[in-house]
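One structure is given below, encoded as structure tokens.
Quick note on labels: first sequence line is chain A, next is B, and so on, each numbered from 1. Fair warning: this is a prediction, and the values are worked out from it, not measured in the lab.
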There are 2 protein chains.
Amino acid sequence: MNDVAAAAGVALKTVSRVVNNEPGVNTATAERVQAAIDRLGYRRNDGARTLRQGRTSSIGLVIEDVADPFYSGLSRAVEDVALGHDYLVFTGSSGESPTRERDLVLAFCARRVDGLIIVPAGEDHEYLTPEVDAGIAAVFADRPPGAGPETDIVLCDNSSGSRAGVEHLIAHGHRRIAFLGDSPAIFTAQERLRGYRQALAAAGLPYEERLVAMGPGDQARVQADVERMLSSPEPPTALFTGNGRMTVATLRVFASLASFAPPGVRHGGGAEPMERPALVGFDDFELADLLKITVVAQDPVGLGRTAAELLFQRLSGDDGPPRRVELPTRLVDRGSGEVGPGS
Amino acid sequence: MNDVAAAAGVALKTVSRVVNNEPGVNTATAERVQAAIDRLGYRRNDGARTLRQGRTSSIGLVIEDVADPFYSGLSRAVEDVALGHDYLVFTGSSGESPTRERDLVLAFCARRVDGLIIVPAGEDHEYLTPEVDAGIAAVFADRPPGAGPETDIVLCDNSSGSRAGVEHLIAHGHRRIAFLGDSPAIFTAQERLRGYRQALAAAGLPYEERLVAMGPGDQARVQADVERMLSSPEPPTALFTGNGRMTVATLRVFASLASFAPPGVRHGGGAEPMERPALVGFDDFELADLLKITVVAQDPVGLGRTAAELLFQRLSGDDGPPRRVELPTRLVDRGSGEVGPGS
DNA sequence: TGACCGCTTGACAACGTCGTCACCGGCCCG
DNA sequence: CGGGCCGGTGACGACGTTGTCAAGCGGTCA
């Protein structure tokens, strides 16, 4: 900018005015400055600008994993809202590690992002208190934070969604319904389990420990749990899976159990030691339509958009009490809940 | 930092030394300073730091769409490499718009990112020349740039992969193979078409315009093209789809054409006006294994990792001639190429 | 004629950090 | 006893911007 000013024979401040389209610059002068800018290939240094102005026009987004379709949808929505406000987005994946979540958040804070959108991996968010006190806005998405500052929160209505999914199975005559969920440490897993229990209770069905398995979503674990349940004396006739990864893993288990009939096709005989159970999954996924899997659909885009919109309201001065938004889920019936007893 | 210095009764510079773990500070002094830092909840302003130091320890990543699994895999890989170097990542989706690509890149440049990884949407990258001259490193991934500065480039071996996929179909007896590709303006679409033609030529098969359809990957377009081809007098017995979205769209078309037999199951009669054609897709996708779709798998993670590694080599001083890396593809045979004439 | 106005322009400090250099006191060595 | 060295500390400017304030200038109005 110094060079531009020298080249155009004006003061620094005049160049600044031209660059920022501030009024009060003679047209001829402005043209001369613009010419110098073009000639020298000058571009404003936004780093210095933000230092001077005290806001960076950037936000930080911490999610579990960009490569997970659920979070990448959320991510894209956040990005779109941010770009609409001329904000840039730092993205980071925590990979479910509380340490990495914290490191990322603090790195973003050191960069003085104006706001944060966080899908928390950890339980303790006290580390955020000084940052929030320092004026950084924060919104939690998908899961509520642990102990820490009061912030806006955007969630899916996990328990109602889960309950609706399980009720759908019950309505089709299922009485022994298994629940496969994420690690109990994860909020959404707990909530979905809660919805499952509510649905059972409302229908007067017993809650059986042996039909509930929670843990990481890797194929081996799911395979073991599903096989164990299905080969037990009184196997479940339906499965409810607690997230998209579990649903897909379960489908792979089904595929690996060659004795299953294809979906919708029944075995000939009456005895069905290994008939393919009904399945309803929490969270929609690509190709679920082709595979005809009934799901409780969340709205990752809505989650991201809402979180970003709340954040920008805060950034534009709203300092009302913290809000907690719960987005509804939607049961998408594709038929996989119908197989089995009741159909 | 000023406040901390005052609170600890030392000079600014001493605080700076403590914060940066610089040697030459008396242990007692350091403790006093550290206490003041903790008490005041001070955190270094990395914005000011980068201004002073001339590098921002951040890179910009411009892709087509974070929500697309191919790019989100790439994105995650870039992020992991960057975090390994203590770099932060700005992410932006261009949505195939050259203007938005350019705006994003220039916004990142104004923020003085140290480097850029770009999946180009546009054809003209002259706008990058001043930035690269100014010292910003750039690497193009997945597609080569149009006119502009010489930079490192990381691609998939599109034509070979495509050729291998089509040869697989030919090897299974197919003679009329349709090609459904992305818009011809897109580099990868052109390359994959080239591979298709090479395979045909090598097998002595004619190239027929009527069997080639290129354009956007929306369901309606694909539906129209596939239906037109399949209902033509001499319909293709196999389809080769040019990217994951096309493959999925084509599967949906198959599902909508109720007259098709399920995969692997043949119609009873000899005449087969609408037998389900064989299908091989470029690009793997989740659940392709369950749907038993043969694909030419790319390696989005490898693409992202390689691009990031090249970038960091540049950032650490490597100024050798521009490099062009082509990553191999891999044919994953799941049986969907076998249906039809030869099987 | 002089006070005042609007328009244009510029000088200067400040944002928060770090690199450079200088300073101070104590100690060793000749 | 004097010079040099060293560990510890601080003053100051610079990075590239922008906000504040003031000044120059020509013209208008009382």
Whole-Å distance separating the [atom1] atom of [X] from the [atom2] atom of [N]:
| X | N | atom1 | atom2 | answer |
| --- | --- | --- | --- | --- |
| A:R55 | D:dG19 | CZ | C1' | 15 Å |
| B:L40 | C:dG16 | CG | C1' | 15 Å |
| B:D3 | C:dG16 | CG | P | 9 Å |

Practice task
On the 0 to 90° scale, with breaks at 30° and 60°, tag the A:Y127-A:H125 ring pair as parallel, tilted or perpendicular.
Solution key: tilted

Exercise for the section: Quick one: sort the A:F90 and B:F90 rings into parallel, tilted or perpendicular, breaks at 30° and 60°. Expected result: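 Taking B:F90 first and then A:F90, their aromatic rings lie parallel (interplane angle under 30°).
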
Are any protein N/O atoms closer than 3.5 Å to N/O atoms in nucleotides 17-20 of chain C? If there are, list each pair with its distance.
residue : atom : partner : partner atom : Å
C:dT17  : OP1  : B:Y42   : OH           : 2.6
C:dT17  : OP1  : B:N45   : N            : 2.8
C:dC18  : OP1  : B:N20   : OD1          : 3.2
C:dC18  : OP1  : B:N20   : ND2          : 3.2
C:dC18  : OP1  : B:R49   : NE           : 2.8
C:dC18  : OP2  : B:S16   : OG           : 3.0
C:dC18  : OP2  : B:N20   : ND2          : 2.9
C:dC18  : O2   : B:R52   : NH1          : 2.2
C:dG19  : N7   : B:K13   : NZ           : 2.8

Quick check: does any side chain N or O of [X] sit under 3.5 Å from a backbone N or O of [Y], one acting as donor and the other as acceptor?
| X | Y | result |
| --- | --- | --- |
| B:T306 | B:G302 | yes |
| B:D68 | B:V66 | no |
| B:R112 | B:C109 | yes |
| A:D114 | A:R55 | no |

Exercise for the section: Please work out if B:T50 contacts a base, only the sugar-phosphate, or nothing of the nucleic acid, heavy-atom cut-off 4.0 Å. Expected result: nothing

Expected rows: protein N/O vs nucleotides 24-26 of chain D N/O, under 3.5 Å:
none

Exercise for the section: Tell me, yes or no, whether the heavy-atom count around B:E126 atom CD, taken from other residues, nucleotides or ligands under 6.0 Å, exceeds 12. Expected result: yes

Practice task
Looking only at non-hydrogen atoms, find the nearest pair between B:R143 and B:P120 and report the distance.
Solution key: NH1-O, 2.9 Å

Exercise for the section: Return no unless some side-chain N or O of A:T14 is found under 4.0 Å from OP1 or OP2 of C:dT9. Expected result: no

